[in-house]
Amino acid sequence: MLIHFILFNLVWLGLVIYGNDAIVSALLWLGIFAWHKKLTRYELYLAAVITFLGVSIDNILTVLGIFRFPDETFIPYWLIVLWVCFSCILLRAPQQLKTNRWLQIVLPMIFAPLSYFAGFQLSAVKFGWDLLPTMLLLSIIWPLFIMLAFSLENNLLNKERYRVS
């Protein structure tokens, strides 16, 4: 899993720096990841739901002027692809993260705003608000998002187990 985490971070960096020009390489990594991890149709469905939620949140933040992308009314295509990649790798998160609410609160509270800050530093996104309020907002949104994603996963897996038995 460590190699995929490292590769995901390289995909993240490529998409943030090169934007739409890095989409093909990101999708290539995604295909290899899905094949190697043997993602099921239920996991792919869940990844689509998580992607939809994440893209919706980022679009809302963009429409509200909290995020600003050059020449874009909504989030750019590269960010949608990044959401797909993130959603798939999230499905293979360590079990400890999936079951520990404190980790689901603390880790995204710290690392998600840092990710957006890095994107800001690399000029992939501009903030319509000052830096501190933007980071504080992200540190509230992201733990809620992660807890929702893992709750959806747990719910879907329970339905799958019930259907199979």
- Message: Please report the interatomic distance CD1(Ile50) to CG(Leu148), rounded to the nearest 0.5 Å.
- Response: 8.0 Å

- Does Leu39 reach the side chain of Tyr45, with side-chain heavy atoms less than 4.5 Å apart? no

- For Ser139 against Pro143, the heavy-atom pair lying closest together: O-CD, 3.1 Å

- Flag, side chain of Ser56 to backbone of Phe52, donor-acceptor distance under 3.5 Å: yes

- Note on the structure: Taken to the nearest 0.5 Å, the spacing of Leu13 CG from Ile17 CD1 works out to 3.5 Å

- Task: Find the distance between CH2 (Trp29) and NE2 (His36) and round it off to the nearest 0.5 Å.
- Result: 12.0 Å

- Message: Starting from Phe127, can I reach Leu64 by hopping between I/L/V/M/F/W/Y residues whose side chains sit under 4.5 Å apart?
- Response: yes

- Task: Consider only side-chain heavy atoms of I, L, V, M, F, W and Y, link residues closer than 4.5 Å, and tell whether Leu122 and Leu114 are in one cluster.
- Result: yes

- More than 12 heavy atoms of other groups within 6.0 Å of Phe74 CZ: no

- Point-to-point distance, once rounded to the nearest 0.5 Å, from CD1 of Ile146 to OG of Ser151: 11.0 Å

- Heavy-atom side-chain proximity of Ile141 to Leu61 below 4.5 angstrom: yes

- Task: Evaluate the criterion side-chain contact (heavy atoms from CB on, under 4.5 Å) for residue pair Leu10 and Leu7; output intermediate values, then yes/no.
- Result: CA-CA 5 Å; Leu10 290 173; Leu7 290 173; 4.2 Å; yes

- To the nearest 0.5 angstrom, please state how far the CH2 atom of Trp83 sits from the CD1 atom of Ile80. 11.5 Å

- Item | Check: Thr51 main-chain N/O paired with Ser87 side-chain donor or acceptor under 3.5 Å | yes

- Message: For residues Ile110 and Leu138: do they belong to one hydrophobic cluster (side chain heavy atoms under 4.5 Å, members Ile, Leu, Val, Met, Phe, Trp, Tyr)?
- Response: yes

- Task: Can you establish whether the number of heavy atoms outside Gln96 located under 6.0 Å from its atom CD is more than 12?
- Result: no

- Item | For the student: nearest non-hydrogen atoms of Phe150 and Ala93, plus distance | CZ-CB, 4.0 Å

- Taking the side chain as every heavy atom from C-beta outward, state whether Leu152 and Leu53 have any pair of such atoms under 4.5 Å apart. yes

- Task: Provide the closest heavy-atom pair for Cys85 versus Ala26 in the form atom of the first, atom of the second, distance.
- Result: SG-O, 3.9 Å

- Could you walk me through whether Leu27 and Val24 pass the side-chain contact (heavy atoms from CB on, under 4.5 Å) test, one step at a time? CA-CA 5 Å; Leu27 293 175; Val24 172; 5.9 Å; no

- Query: Side-chain contact, heavy-atom cut-off 4.5 Å: Leu15 with Ile23?
  - Reply: yes

- Query: Does Val81 reach the side chain of Val11, with side-chain heavy atoms less than 4.5 Å apart?
  - Reply: no

- Message: Quick check: is Met147 connected to Leu103 through a chain of hydrophobic side chains (ILVMFWY, heavy atoms under 4.5 Å apart)?
- Response: no

- Under a 4.5 Å cut-off applied to non-hydrogen side-chain atoms, are Phe145 and Pro108 in contact? no

- Query: Centres of the Trp142 and Phe86 rings: under 6.0 Å?
  - Reply: yes

- Message: Can you list everything that forms a side chain to side chain donor-acceptor pair (under 3.5 Å) with Thr62? Sequence neighbours excluded, please.
- Response: none

- Task: Assert yes or no for the condition that the ring centre distance of Tyr116 to Trp129 is strictly below 6.0 Å.
- Result: no

- Task: Identify whether Val16 and Leu28 are in the same connected component of the hydrophobic contact network (ILVMFWY, side-chain heavy atoms under 4.5 Å).
- Result: no

- Should Ile57 and Ile60 count as side-chain neighbours, where that means a heavy-atom distance under 4.5 Å? no

- Message: Side chains of Lys37 and Ile89, heavy atoms from C-beta outward: is any pair under 4.5 Å?
- Response: no

- For Lys98 and Leu91, indicate whether the former's side chain and the latter's backbone hold a donor-acceptor pair under 3.5 Å. yes

